[in-house]
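This report refers to the structure that appears directly beneath it.
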Amino acid sequence: MGELNMQEMPLPALFEHAKKIHDLASESSVDQGIVKKGCEILRVCEEMIGKLGLFSLNETKDDISTANLKYILVPYYLAELTEKIAEDDRIEVLKASQAKLKEFISFCETMELVPEDEIETSTQGGSSSSVDRRAKKIARFKRQRAAESKLLELNERRERRGRSTKAAALSSPVETGEDDMFDDDGEEEREAWLTTISLALCKAFDLLEMLKREEEILSAVREKQLQDGEKEFSQLILDERTQKAESWHRDAATRARYTKPAAPITCATFAQDVIEGRAKVSQAHDHKHQPLLFGPASLVGMNPTTERQRIAAQVFQPHYRLPTMSIEEAGLTEMNMMNEWQERNVKLMEEATSSWYNDGSKTRPNEDDEEDDNDDAAQEKARAWDDWKDDNPRGAGNKKLTPCG
């Protein structure tokens with residue numbers, strides 16, 4: 001399977017092929033070429049998952065569809081296969097495997113798949129005592145056993161149902177409970193994948209601890225060798241590092257196209273076509289809305305020249321208005337309108353700020369004169385009011401209305 005074929009294969013086929021390699025490598029020792037091929041396929045799966053946008057950080061496990069749950073295991077499978085790669089620099093392999101395990105655990109924590117006690121332990125760090133670590137391992141082992149038993153039960157139930165379905169199909173072609181059987185299959189499939197993810201989490205925590213201890217041991221051995229070794233040994237390591245740095249810079253141009261982030265797919269219809277294998281990720285796609293065609297096929301899309309053709313072309317028209325653009329086109333239009341509105345608001349704020357500053361700087365020299373004029377006018381008004389009150393004492397205007405006035 002070459003690189004071109006992997007790019008053309010749909011995501012479900014790639015995942016199934018990588019899962020077979022992972023299961024084979026877990027059960028027995030396999031060739032290093034097969035392990036590296038599995039890692040390559042899983043990296044292609046990660047790239048396709050990122051392009052298709054199957055997962056969002058705003059979602060939880062209840063928001064993910066049953067068909068996409070299995071793709072959560074891609075980083076875990078990649079971490080386990082990476083750990084089985086045999087290279088001279090074992091520490092780099094351990095670091096790469098640990099990075100994928102941490103990515104898998106972090107994403108599961110975002111999806112609310114990690115148990116509460118594991119989250120509390122990870123937040124506490126390495127400050128727990130030996131008793132707490134032992135209790136944590138016992139609880140993790142119990143969860144692992146429960147998940148394995150549940151998977152066995154689900155597989156047995158699925159096999160019994162398959163046998164009963166075959167027997168029912170031989171006896172009668174149509175059964176009344178066929179829809180309920182399909183619903184049960186969907187629920188069982190979802191439960192099986194969630195249990196598989198729970199089992200993978202238990203193994204991921206144990207594997208992460210083991211890889212950390214192995215890395216510490218190898219780092220200590222390397223430091224000991226560097227301290228006790230001769231100058232030739234140190235010079236050999238320096239030469240090896242120099243060669244790696246030179247090769248890395250030499251191959252940077254060829255790796256650039258793999259390190260660049262892939263452009264996301266923003267069309268939901270095209271993304272569904274890619275998932276189901278009807279289209280390829282590498283294909284160019286425009287957000288073009290294909291209008292629905294109604295009426296006779298011989299007259300649709302033609303300019304009617306006679307009244308008869310115009311009436312015939314309007315046969316079987318819908319009773320509602322047809323859409324003029326797709327949902328993706330409407331979203332892009334609204335996004336452009338919002339960007340223009342934000343740019344216009346920024347310009348208005350800048351103009352208002354600059355004009356207020358300029359107006360303020362112009363009126364500042366005359367502020368003292370205006371304040372003096374306002375004080376004089378207020379004093380004159382107060383004095384006039386005092387004079388009027390002296391000439392017109394309280395109740396003077398009502399004397400003629402009183403009997404004794």
*NZ on Lys51 to CG on Leu11, rounded to 0.5 Å*: 12.0 Å
_Pairs flagged by ring pair (Phe, Tyr, Trp, His ring centres under 6.0 Å) wherever residues 140-163 is involved - sequence neighbours left out_ = none
*Parallel, tilted or perpendicular: which describes the rings of Tyr76 and Phe104, with under 30° parallel and over 60° perpendicular?*
tilted
*Verify, without hydrogens or angle tests, whether Ser97 (side chain) and Ala79 (backbone) share a donor-acceptor contact under 3.5 angstrom.*
yes
*Working to the nearest 0.5 Å, report the span between CD of Glu187 and CZ of Arg190.*
10.0 Å
*Is Glu153 paired with Arg157 through a side-chain N to carboxylate O contact shorter than 4.0 Å?*
yes
*CG on Leu14 to NE2 on His17, rounded to 0.5 Å*: 8.5 Å
*In chain order, what residues pass the side-chain hydrogen bond (donor to acceptor under 3.5 Å, both in side chains) check against Glu112, with sequence neighbours excluded?*
none
_Under-4.0 Å salt bridge between Glu103 and Lys100_ = yes
_Heavy-atom count check: over 12 atoms from other residues, nucleotides or ligands less than 6.0 Å from Arg145 CZ?_
no
*Minimum heavy-atom separation for Ala147 to Leu199, with atom names?*
CB-CB, 3.9 Å
_So, taking the atom named OH in Tyr77 and the one named CG in Leu42, what distance separates them when rounded to the nearest 0.5 Å?_
9.5 Å
_Spacing of Gln98 atom CD and Glu214 atom CD [to the nearest 0.5 Å]_ = 9.0 Å
_Minimum heavy-atom separation for Met111 and Ser56, please, with both atom names._
CE-O, 3.3 Å
*Are Arg383 and Asp387 close enough for a salt bridge, meaning some N to O gap below 4.0 Å?*
no
_Flag, side chain of Thr82 to backbone of Leu78, donor-acceptor distance under 3.5 Å_ = yes
*Between Met9 and Met48, is a side chain to side chain contact (heavy atoms under 4.5 Å, CB included) present by the stated rule, with each step listed?*
CA-CA 11 Å; Met9 289 179 64; Met48 294 184 69; over 6 Å; no
*Over all heavy atoms of both residues, which pair between Leu211 and Leu94 is shortest? Give the atoms and the distance, please.*
CD2-CD2, 3.5 Å
*asked:* I'd like to know whether Ile72 forms a side chain to side chain contact (heavy atoms under 4.5 Å, CB included) with Phe55, so could you lay out the CA-CA distance, the side-chain angles of the two residues, the decisive distance to 0.1 Å, and finally the verdict.
replied: CA-CA 9 Å; Ile72 298 178; Phe55 304 118; 3.8 Å; yes
*Taking all non-hydrogen atoms of both residues into account, name the closest pair between Ile49 and Tyr71 and its distance.*
CD1-CB, 3.6 Å
*Side-chain donor/acceptor of Ser198 to backbone N/O of Leu194, under 3.5 Å*: no
*Asp89/Arg222 ion pair, N-O < 4.0 Å*: yes
*When you look at CG of Asp386, are more than 12 heavy atoms from neighbouring residues, nucleotides or ligands closer to it than 6.0 Å?*
yes
_Restricting to non-hydrogen atoms, name the atom on Val35 and the atom on Leu81 that form the minimum distance, rounded to 0.1 Å._
CG1-O, 3.3 Å
Return a table of donor-acceptor pairs under 3.5 angstrom between the side chains of residues 200-209 and protein atoms on other chains or two or more places apart.
{"residue": "Asp206", "atom": "OD1", "partner": "Arg140", "partner atom": "NH1", "Å": "2.6"}
{"residue": "Glu209", "atom": "OE2", "partner": "Lys136", "partner atom": "NZ", "Å": "3.3"}

*Is Glu83 salt-bridged to Arg90, cutoff N-O under 4.0 Å?*
yes
*With side chains defined as the heavy atoms from C-beta onward, is the minimum distance between Phe15 and Pro10 less than 4.5 Å?*
no
*Say you draw a straight line from CZ of Arg213 to CE of Met210; how long is it, rounded to the nearest 0.5 Å?*
8.0 Å
*Which atom names give the shortest non-hydrogen contact between Gly38 and Ile21, and what distance separates them?*
CA-CD1, 3.8 Å
*Do the side chain of Glu188 and the main chain of Leu154 share a donor and acceptor less than 3.5 angstrom apart?*
no
*Is it true that Lys37 and Glu40 make a salt bridge, defined as a side-chain N closer than 4.0 Å to a carboxylate O?*
yes
